[in-house]
*Asks:* 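Next up is a structure, given as structure tokens.
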Amino acid sequence: MVVPEALDRWRAGIPPLDAGNNAWMLVSAALVLLMTPGLAFFYGGMVRRKSVINMLMMSFSAMGTVGVVYVLWGYSMSFAGNALGGLVGNPVTAFGLARLGPTAADPNGLANSADAGSGVSGLAFAAFQLTFAIITVALISGAVADRMKFTTWLVFSVVWVSVVYFPLAHMVWGGGLLSGASDSLSALIFGRGPGGSAAIAPMDFAGGTVVHIDAGVAGIVLAFLLGRRKGHGRDPMRPHNVPFVMLGAGLLWFGWFGFNAGSAGGAGGLAALAWINTSTATSAAMLGWLAVERVLHGKATGIGAASGAVAGLVAITPGAGFVSPIGSVAIGALAGGICAWAIGLKSRLGLDDALDVGGVHLVGGIVGTVALGFFSTSTGLFYGGNADQLMAQAIIAGAAILFSGGLTLVIGLILRSTLGLRMSEDEEYDGDTAIHGESAYDFEGGTGIGSPGVLRGATHHQEASGHVASARAPEPASEPEEASA
Amino acid sequence: MVVPEALDRWRAGIPPLDAGNNAWMLVSAALVLLMTPGLAFFYGGMVRRKSVINMLMMSFSAMGTVGVVYVLWGYSMSFAGNALGGLVGNPVTAFGLARLGPTAADPNGLANSADAGSGVSGLAFAAFQLTFAIITVALISGAVADRMKFTTWLVFSVVWVSVVYFPLAHMVWGGGLLSGASDSLSALIFGRGPGGSAAIAPMDFAGGTVVHIDAGVAGIVLAFLLGRRKGHGRDPMRPHNVPFVMLGAGLLWFGWFGFNAGSAGGAGGLAALAWINTSTATSAAMLGWLAVERVLHGKATGIGAASGAVAGLVAITPGAGFVSPIGSVAIGALAGGICAWAIGLKSRLGLDDALDVGGVHLVGGIVGTVALGFFSTSTGLFYGGNADQLMAQAIIAGAAILFSGGLTLVIGLILRSTLGLRMSEDEEYDGDTAIHGESAYDFEGGTGIGSPGVLRGATHHQEASGHVASARAPEPASEPEEASA
Amino acid sequence: MVVPEALDRWRAGIPPLDAGNNAWMLVSAALVLLMTPGLAFFYGGMVRRKSVINMLMMSFSAMGTVGVVYVLWGYSMSFAGNALGGLVGNPVTAFGLARLGPTAADPNGLANSADAGSGVSGLAFAAFQLTFAIITVALISGAVADRMKFTTWLVFSVVWVSVVYFPLAHMVWGGGLLSGASDSLSALIFGRGPGGSAAIAPMDFAGGTVVHIDAGVAGIVLAFLLGRRKGHGRDPMRPHNVPFVMLGAGLLWFGWFGFNAGSAGGAGGLAALAWINTSTATSAAMLGWLAVERVLHGKATGIGAASGAVAGLVAITPGAGFVSPIGSVAIGALAGGICAWAIGLKSRLGLDDALDVGGVHLVGGIVGTVALGFFSTSTGLFYGGNADQLMAQAIIAGAAILFSGGLTLVIGLILRSTLGLRMSEDEEYDGDTAIHGESAYDFEGGTGIGSPGVLRGATHHQEASGHVASARAPEPASEPEEASA
Amino acid sequence: MNLITAVIKPFKLEDVRTALLAHGVTGMTVCEASGYGRQRGHTEVYRGAEYTVELLPKVRIDLLVADEDTGDVIDAIVRAAWTGKIGDGKVWAVPVATAVRVRTGERDAAAI
Amino acid sequence: MNLITAVIKPFKLEDVRTALLAHGVTGMTVCEASGYGRQRGHTEVYRGAEYTVELLPKVRIDLLVADEDTGDVIDAIVRAAWTGKIGDGKVWAVPVATAVRVRTGERDAAAI
Amino acid sequence: MNLITAVIKPFKLEDVRTALLAHGVTGMTVCEASGYGRQRGHTEVYRGAEYTVELLPKVRIDLLVADEDTGDVIDAIVRAAWTGKIGDGKVWAVPVATAVRVRTGERDAAAI
Ligand SMILES: Nc1ncnc2c1ncn2[C@@H]1O[C@H](COP(=O)(O)OP(=O)(O)O)[C@@H](O)[C@H]1O
Ligand SMILES: Nc1ncnc2c1ncn2[C@@H]1O[C@H](COP(=O)(O)OP(=O)(O)O)[C@@H](O)[C@H]1O
Ligand SMILES: Nc1ncnc2c1ncn2[C@@H]1O[C@H](COP(=O)(O)OP(=O)(O)O)[C@@H](O)[C@H]1O
């Protein structure tokens, strides 16, 4: 039953397609893509009514900008061979995903697939990776909520993903400096094992460093450069829609199965292990967060359940395929508890990391990355390993923090002195109506035909005609707040 | 390791199952099914509070009616052989999906599968196609928002899908008049190639004509027959829930991976290409819409981001598997920009296409269909092709417009003079409470036990007992609006 | 092309992985997991604004508790061999999912997989089953809405799933008393067929008894023990957010494809059949519910469409793989109609099953289970079978009712006299703010920077410092309601 | 004629409406309101930040009554809205110069 | 000075505002309200339970006017808010002791 | 006794409440409101249609005060609510005939 073309391909060295694995990667890519709208709601529910659209737009616009940039030079910079001594791939080699697509001779696009060993099409792998780049950028937006200039955000998303994310993805997953390749840092430190790769390789199954530590640090740096929201620490800034936060958490949990189990690169036993660990750590982290919250504040909250779940998802990301289900329960419970406590730190530091990107993604990412030194079933201290893996994990986490922190600072400073980081006072005051010319809800208007939308929506329809003139008389600037750090 | 039953099946000419492809089709079908609730929210957020339930119900009820009709005669009319000279399939041949299901001899239902070549079960293919029929009908509802009689909508959904959608699906995908089959229009015009099929076949990968042009035209025709909403052009009719619009867009984007990449009919390299192009075109279209909006109105809006994404998804639908990633960026950017501008046309035409089914689905569908004449990597003008493909695309688009437009007009006129198309004035005035006997939100009531739901919800509980008498004194009809066209 | 390791595994009796089937199980597991957030919204939209977070939290916390418990002893109690005469599995055998994970010799974890015959990893099967346990517990919460003590709910979820769900899952699916195994009840009653298993086996494809009857009965018992909500039958208790109910229904429908088609255990023709039947029955049930509603109350409602869809999903669950598409239309239409009528029963019984867990899941589960006696294409009365299958179905339904009802009563009584079942009057009065220390929405606050959140949200920011003192003066207990049954 | 305004607990609205009906009052206008007074608010927690909610949900009822009924109607409201707990609310009356029914143009006593 | 309060049907707000503008009134304060009166409510059904909604959506307008304008303004509102159907609402006036514009501290006639 | 009504910018509510507390006023009733006046609204765009929002969010405070405190309280509110920009709002006072505390039945001065 061997088809002659298949034989030709075999002779040409083109690996066979595995439709099961390929299907799983396509599904996983779709699941991860859904995480960004999920995140948008997780974040959007947490801000005040006045700026929910802006919050959603920061995630959605990242789907726009990064989605385009990735196919242009992003994939190439991440996975197309080493350049600059293992720091980054060459942006030109696979520009526009050149040479990955199906051809007559290679109808499933496997010849140049980075995941060809599993019979996964090159474009399926690229699709999967594309969604990671998007959500990493979107994650940052939580830290800058309510005050970052929208056009600057668009520019930032393009620059940051190119200068910070793609290189880091290359270093960790593309065979670069922080991988286990023969010319990696680990090979230098721990020596080379049989086959030439590092004897001890740093572990990051699905992006604890590349995604979470990376975005967490960037968020903190931007929050620092932006300064605090007007009224921070004085005015109440409570979530305007807790069900949206929980909806977002639900979608994130769902999508994260693609994120983690998809990182197995196929639909075998490793994916199943990553699936189970993802779920279990999340469950345990939710309980851990609720418990700590109960002790510290007397109540277990819905925001806490959602946040705990996300903390667990973050923490199990680096080790989803490397620990046992019991290990994942422990990592989850730890991460949930620690993050619930860590979100209190920012107020001591005077930092306005609005939606706790630091407390959840940076801290959760570090917990999960370092925990592998203990819980990795192959090399962890609790499974008879020595301290080498722990050291390797500390190094990769530290390197990601320094790399992302330093470069984000430079990018932020340049943007601050060129385009400006912070929106105008009017925009910060009024939120969506000033920034995007729309308001999120109109529950009052439209109760009867001809209702002029009594509250907050009383409007006259005009022929659309060019620019929206700002019709508002200048608002008082009576708040004595800080402007920026 | 060859199982004897498998050999028997081989001898009986029953193709082997490909579990990977079959899994992908089942997943894709589920993804497309989710698009209809997604669309319901995309639309539901855009109407006024008073009619959000009615808007949601038009999509949900299409899931009810079309879901049943499809298994009865829909599949058969679409894919069960030619009848009426290539216009439609025979509704009886596969009534109730007869002969597609698994049997003892054919445990995976492949013997009569329309996608047997990929090892996909007949029922998996039918499931996938079923979801397309549902969403096509649901798409139309955006044009008739707020004023179409609900029972007439139910009847319309059954009639329209049977008379317009199934035949068109047959003509384009079922080997009918608009396909590339040997007795198709294209074969007539462009001659036959080797193997007997048309030398140049019109291209519609996933439904640019069958779904989007089709629904877009039908929406415009219905909107024309219904006349404008009361208060149109005078009262503000702004979206009551922008986050719902964006939630809907997120779910549509997610589900559309099933729609487009599933249209590859399996999980190989073509599906991966369609996946990437779907994402990329959507990203680019979002940016395109936001840019045009910024220029025309001074602000980039959340509704704009959501609408741009949908415009991109529409436009890449016909070509998802036929263009390169770079091509998809171009098609997306074009479609986003053009649709952002096109939605302004309806007011010049005095047409109340309430939620821009024309501006987004018809225009986006045409842009995407015609663009293949340029961007198709096999036959497009930009890739060394001649103008034949462009002509074929123009023909298929034009044929779909005429076919759908004409038949929808006839159906609409008949319904208008029998059941009536438009709801009563009271229903249009009050929306959900009059049409469905419920109101969407009760944010005021229920703040304390025994709260009588002060605002808009002050109610007495009564033993349910037969019909709801209309308890409302007749409302004034003081608006001088038009009644219908 | 045979890899030597694969040969070794073959010799060691380890079955080969089927990546397509495994992918489908992983996807299905993710889909079912999403059902619980979906259910949370389906339920959350139906309660009053004051308690939507509590309602969401009952589902989310079940994801926490059951998610952890399942990997510890849940899987083992359900599927790890018989103990106690077929009543339950041994909780220790596979504690922590021991021996299921991938090993060097068995890299896909197939050696001890309960679904090894389909090439599905042991952990993928466990993942799929885990999600069923979660949603079954979450389903119960609809009956106890607004009044069950939250900590007691957490404890209940752990105890009930261990004492009721795992044993029932074992009995029906784990080769226990209610399966078709050689030492099952059915073997006793109907005799053994060739191969030793029962001549007539009770049918439950995806959990009509284990999930729906089980949870439905438990909900009714708890509602009975808890007593009615304060103000029940006097105060209006209308859904505060109908779109959320419909969103939940949409997510449930989507996820249910995993639930039912995933229960095929792989991605072949049986899964495709289950997919189609799931969709079709749901469509028909929606129409059935709307029709009955229209006749009884004069309007077809959005809540009705959502409820009808869920009733159809419930009813097709036991037979998704055993009936024809036409059969599924009939079962769906029946279930929709019957459940629409059945939800009226509770008020005659004076029972406050708040969100109709009984009327939808118990009744729908019974309808679907018993209907197989008629509609099963292999053994049903309408397909030439005799009454044996009908009897087997009645027995399994009855057994599930008795088993779940009796044990839930015992658990409930013990919890009532220890932890207490019912929340304090204050908590019931105030809902989320008292129970979880947060309120769901703040649409008023935050309209300008420095806005103190005028309505219901006027707040002072305080340094978080230990416990939240209850700042509320004692509220009147002026309602003359019953306390509990 | 007087305008009586009552600020009461939301869950008492139905009782008050019933009591007023019994007194022959068949019209009133109701608004959501928030009250600040001796009644203490509650505390909410979000991601570790605690908020004290000081404004509590109330309902405001406005109704026009003839001079001679004013005392009785006030008493009826007070009786129906009473729970005896802090926060039961206030009732006050303001003299009205003139009143019109929009539909008929009827004035004063005839308007209510 | 008087405080005129009008309770009207929501969809008439725009007409009233336009009419007031024509009378030189350039300021007003508007609230959502619910009205109970002769106008009948409607019925809603949820999972088989029927509810009668008795309170109907209204809009409440408050505006300060000089004594001499009071009559005219009331008439203007009544005319603009009129549909002739039950439930058109009420307008009433209450004498005001003093009024201040916050921005300038101007009092009484100058404040409006 | 007087009923003081203040229509102010929402973000000034907290300042006003604090100022009133300093004056010994411990109770008030607050409503959301929308104001129309000289302050200009803003423009919103939806799918190419532009809307001018004319009604702006305000907060309405009602509080009963003894005759002798009225002037001081009005002044305190005006000072606290002031920003100096158009749209700061209005404060006015209306004489009250009688007031009752629901919980105790106390009248007039004792009721507030
Ligand atoms: N001086 C006042 N003016 C207007 N409304 C007031 C005043 N004092 C209290 N209120 C209203 O009455 C409600 C109840 O007052 P509160 O002092 O809490 O209890 P009580 O009336 O039982 O003494 C407050 O929430 C507020 O709405
Ligand atoms: N006595 C009253 N005091 C205050 N408002 C009233 C009174 N009676 C009626 N209203 C208000 O006027 C509205 C219309 O009254 P209704 O009796 O329904 O119709 P109409 O004014 O046409 O006779 C009511 O919804 C209510 O808001
Ligand atoms: N005649 C009036 N009667 C009642 N409220 C008024 C009146 N004029 C203005 N207001 C209220 O005062 C607010 C501010 O008025 P505006 O004219 O915009 O600014 P300013 O008071 O600073 O001159 C308005 O939004 C409205 O709520």
Side-chain angles (χ1 to χ4, degrees), chain A residues 17-23 26-27 29-30 33-34 37 40-41 44 52-53 56-57 60-61 63-65 67-68 71 96-97 101-102 107-110 121 123-124 126-127 130 150 244 436-443 445-453 457 459-461 464 466-468, chain B residues 18-21 23-24 27 31 48-50 230-231 233-243 246-247 250 253-254 257 261 266-273 275-276 279-280 282-284 286-287 290 296-303 305-306 324-326 329 344 428-430 441 443 479:
Chain A
L17 174 78
D18 183 320
N21 285 343
N22 210 40
L26 292 175
V27 174
L33 191 112
L34 183 64
F41 276 80
V52 51
I53 294 180
L56 295 170
M57 280 296 273
F60 273 77
S61 62
M63 297 174 81
T65 53
V68 168
V71 302
L97 305 183
N108 291 303
L110 279 150
S121 304
L123 289 178
L130 172 155
F150 185 64
F244 276 0
H436 301 291
E438 57 190 348
S439 47
Y441 308 102
D442 181 12
F443 289 131
T447 42
I449 290 175
S451 161
T459 55
H460 291 277
H461 188 257
H467 268 250
V468 175
Chain B
D18 183 320
N21 285 345
W24 176 240
V27 173
L31 286 170
R48 286 165 288 170
R49 173 196 173 141
K50 75 171 179 71
K230 292 196 177 303
R234 193 199 62 178
D235 300 327
M237 295 178 170
R238 43 153 300 203
H240 89 287
N241 201 326
V242 177
M246 298 177 81
L247 174 65
W253 193 333
F254 175 60
F257 290 119
L270 185 59
L273 177 64
W275 198 110
I276 273 283
S279 187
T280 307
T282 307
S283 297
M286 186 200 288
L287 299 180
L290 292 179
L296 290 182
H297 307 289
K299 307 268 183 194
T301 70
I303 297 272
S324 74
I326 300 273
V329 171
E428 190 169 347
Y429 242 90
D430 293 343
Y441 309 102
F443 290 132
E479 267 65 33

*Asks:* In terms of heavy-atom proximity below 4.5 Å to chain B, should A:Ala29 be classed as side chain, backbone, both, or neither?
*Replies:*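 Both parts, backbone and side chain.
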*Asks:* Between the main-chain N or O of B:Gly268 and the side-chain N or O of A:Asn22, is there a donor-acceptor pair closer than 3.5 Å?
*Replies:* yes
*Asks:* So, does B:Arg238 use its side chain to make a donor-acceptor pair with the main chain of A:Glu438 at under 3.5 Å?
*Replies:*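 Between the backbone of A:Glu438 and the side chain of B:Arg238 there is no qualifying donor-acceptor contact (under 3.5 Å).
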*Asks:* Please name the pair of heavy atoms, one in B:Ala267 and one in A:Ala19, separated by the smallest distance, quoted to 0.1 Å.
*Replies:* CB-O, 3.7 Å
*Asks:* So which atom in A:Val68 and which in B:Ser283 form the shortest heavy-atom distance, rounded to 0.1 Å?
*Replies:* CG2-CB, 3.8 Å
*Asks:* I'd like to verify something: which residue of A:Gly109, A:Ala124, A:Pro102, A:Ala440 has the highest number of heavy-atom pairs under 4.5 Å with chain B?
*Replies:*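 Max contact count across the listed options: A:Ala440.
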*Asks:* Side chain, backbone, both or neither: which part of A:Val71 has a non-hydrogen atom closer than 4.5 Å to chain B?
*Replies:*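 The side chain, not the backbone.
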*Asks:* Heavy-atom distance under 4.5 Å to chain B: side chain of A:Val52, backbone, both or neither?
*Replies:*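 The side chain, not the backbone.
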*Asks:* With a 4.5 angstrom heavy-atom cut-off, which part of A:Leu56 approaches chain B: side chain, backbone, both or neither?
*Replies:* both
*Asks:* Given that the side chain runs from C-beta out, which part of A:Leu26 has a heavy atom under 4.5 Å from chain B: side chain, backbone, both or neither?
*Replies:* both
*Asks:* Examine whether an atom of B:Ala284 lies under 4.5 Å from a heavy atom of chain A, and if so say whether it belongs to the side chain, the backbone or both; otherwise answer neither.
*Replies:* both
*Asks:* With a 4.5 angstrom heavy-atom cut-off, which part of B:Asp18 approaches chain A: side chain, backbone, both or neither?
*Replies:* side chain
*Asks:* Between A:Ser61 and chain B, with a heavy-atom cut-off of 4.5 Å, which part of the residue counts as in contact: side chain, backbone, both or neither?
*Replies:* backbone
*Asks:* What part of B:Leu287 gets closer than 4.5 Å to chain A, counting heavy atoms only: side chain, backbone, both or neither?
*Replies:*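 The side chain, not the backbone.
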*Asks:* Which residue out of B:Ile276, B:Val27, B:Ile303 racks up the most heavy-atom pairs below 4.5 Å with chain A?
*Replies:*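 Of the candidates given, the most pairs with chain A belong to B:Ile276.
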*Asks:* Of all heavy-atom pairs between B:Gly20 and A:Ala23, which one has the smallest distance, and what is that distance?
*Replies:*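 What the structure gives for the nearest pair is O-CB, 3.8 Å.
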*Asks:* Please tell me if the side chains of A:Leu34 and B:Trp253 come closer than 4.5 Å, counting only heavy atoms from C-beta onward.
*Replies:* no
*Asks:* Are the side chain of B:His240 and the backbone N or O of A:Tyr441 linked by a donor-acceptor pair below 3.5 Å?
*Replies:*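 Here the side-chain-to-backbone pair does not exist.
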*Asks:* Please flag which part of B:Ala271 lies under 4.5 Å from any non-hydrogen atom of chain A: side chain, backbone, both or neither.
*Replies:*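 It is both, since atoms from each part get that close.
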*Asks:* Does any backbone or side-chain atom of A:Phe60 lie under 4.5 Å from a heavy atom of chain B? Answer side chain, backbone, both or neither.
*Replies:* both
*Asks:* Quick one: of B:Ile326, B:Asn21, B:Asn241, who has the most non-hydrogen atom pairs under 4.5 Å with chain A?
*Replies:* B:Asn241
*Asks:* Do B:Trp275 and A:Leu123 pass the side chain to side chain contact (heavy atoms under 4.5 Å, CB included) test, and can you show the C-alpha distance, the side-chain angles, and the key distance before you say yes or no?
*Replies:* CA-CA 8 Å; B:Trp275 198 110; A:Leu123 289 178; over 6 Å; no
*Asks:* Given heavy-atom pairs under 4.5 angstrom as the criterion, report whether the side chain, backbone, both or neither of B:Leu247 touches chain A.
*Replies:*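 Both backbone and side chain.
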*Asks:* What option among A:Gly437, A:Ala126, A:Gly44 has the most heavy-atom pairs under 4.5 Å with chain B?
*Replies:*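 Of the options given, most contacts go to A:Gly437.
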*Asks:* Which one of A:Leu17, A:Leu33, A:Leu130 has the most heavy-atom pairs closer than 4.5 Å to chain B?
*Replies:*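 Most pairs with chain B among the choices: A:Leu33.
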*Asks:* What residue in B:Ser279, B:Gly269, B:Ala261, B:Gly250 has the most heavy-atom pairs under 4.5 Å with chain A?
*Replies:*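 Of the options given, most contacts go to B:Gly269.
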*Asks:* Using every non-hydrogen atom in the two residues, find where A:Leu97 and B:Pro325 come nearest and quote the distance to one decimal.
*Replies:* CD1-CG, 4.1 Å
*Asks:* Using modelled atom types and a 3.5 Å cut-off, is there a donor and acceptor pairing between side-chain atoms of B:Thr301 and backbone atoms of A:His436?
*Replies:* no
*Asks:* Hey, does A:Phe244 have a side-chain heavy atom less than 4.5 Å from the side chain of B:Pro243?
*Replies:* yes
